[in-house]
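Comments concern the structure below.
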Amino acid sequence: MVSHQHGMTVTKTLQEGEAEPRCWGFSYSQAELRGLLPEGASLLLLRVLACRRAVPPDLVFPAIDAEGHLCTSIYRALGTQQQAVGSAEAEVFVIERAVHATAGISTVWHSSFLPSGRLARQIQVGCPMQVLLQDESVLDETGGVEPRPPFPKQPLDWEEDVQLYSWFLDRKEELRASHAAYVRQHPELWALLADFLQALLLQQPRDLVSFAAQFFAPFARQQPPGTRFASARAASPLPSPPPRRPPASEE
């Protein structure tokens with residue numbers, strides 16, 4: 001079965017003994033496959049219905065029969081009954097699945113399930129063969145979800161973990177090399193920091209953050225609306241030059 005954007009293509013291969021295999025191909029459109037329930041999904045649906053002990057009325061799904069033709073599957077609850085499982089007896093829930101083909105004889109299956117959802121018996125109406133569960137040890141199963149085993153959180157000391165500590169050292173050397181390369185590629189960084197430290201030591205402001213914001217405001221790419229420099233209306237963080245004195249007149 002191959003699904004594609006236009007629908008699905010099904011290839012059926014039949015080989016009997018040493019004879020050459022025979023192949024048939026079937027193609028279906030997306031509209032025809034809407035709601036399709038293959039055999040595997042049908043068995044899963046039967047188990048879910050058996051665990052709930054209820055089948056909705058008029059439950060019908062499209063399916064593909066053994067000949068590769070589209071058909072319909074109708075599900076119906078037949079109630080509960082007692083069934084032998086090995087040397088013991090258990091109550092099973094029986095569901096009927098009828099596959100109605102467009103041409104030919106319809107096929108009817110009766111499937112019996114234990115309360116745990118395990119298939120206990122499956123027969124095809126009109127066929128002498130049946131699938132029967134003989135292992136009575138499965139009767140102890142409840143069908144519930146097993147509780148997850150507790151996994152307490154273990155304290156992690158990464159410095160004691162050899163692998164994590166090795167990753168830390170590798171990352172540390174990688175960052176150190178990256179930072180050193182960046183400083184070498186931008187020598188203007190040292191001049192910028194030197195100017196800032198010089199202005200900081202000369203002014204010695206109490207609010208270092210505001211002082212740094214005013215100092216580096218002219219270097220910002222996105223300026224707020226207003227003057228070009230944020231410090232134009234505020235006190236300059238740089239020391240003011242001494243006032244000029246007029247030259248002394250010669251008498």
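Fair warning: this is a prediction, and the values are worked out from it, not measured in the lab.
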Just how far is it from atom NE2 of H110 to atom CD of Q130, taken to the nearest 0.5 Å?
12.5 Å

CG of L46 to CD of E96: how many Å apart, nearest 0.5 Å?
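L46 CG to E96 CD: 11.5 Å, rounded to 0.5 Å.
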
Near [X] [atom1], under 6.0 Å, is it more than 12 heavy atoms from other residues, nucleotides or ligands?
| X | atom1 | answer |
| --- | --- | --- |
| W158 | CH2 | yes |
| D170 | CG | yes |
| R52 | CZ | no |
| Q82 | CD | yes |

Distance-only, no hydrogens or angles: does the R47 side chain make a donor-acceptor pair with backbone N or O of G117 under 3.5 Å?
yes

Grab the two heavy atoms, one from V85 and one from D135, that are nearest each other, plus how far apart they are.
CG1-O, 3.7 Å

Between F215 and F196, is the ring centroid distance below 6.0 Å?
yes

Side chains of Y75 and S42 only: does a donor on one sit below 3.5 Å from an acceptor on the other?
yes

Answer yes if the side chains of S106 and H100 hold a donor-acceptor pair under 3.5 Å, and no otherwise.
yes

Transitively linked via ILVMFWY side-chain contacts under 4.5 Å: I123 with V94?
no

Ring geometry between F219 and F216 (parallel below 30°, tilted from 30 to 60°, perpendicular above 60°)
tilted

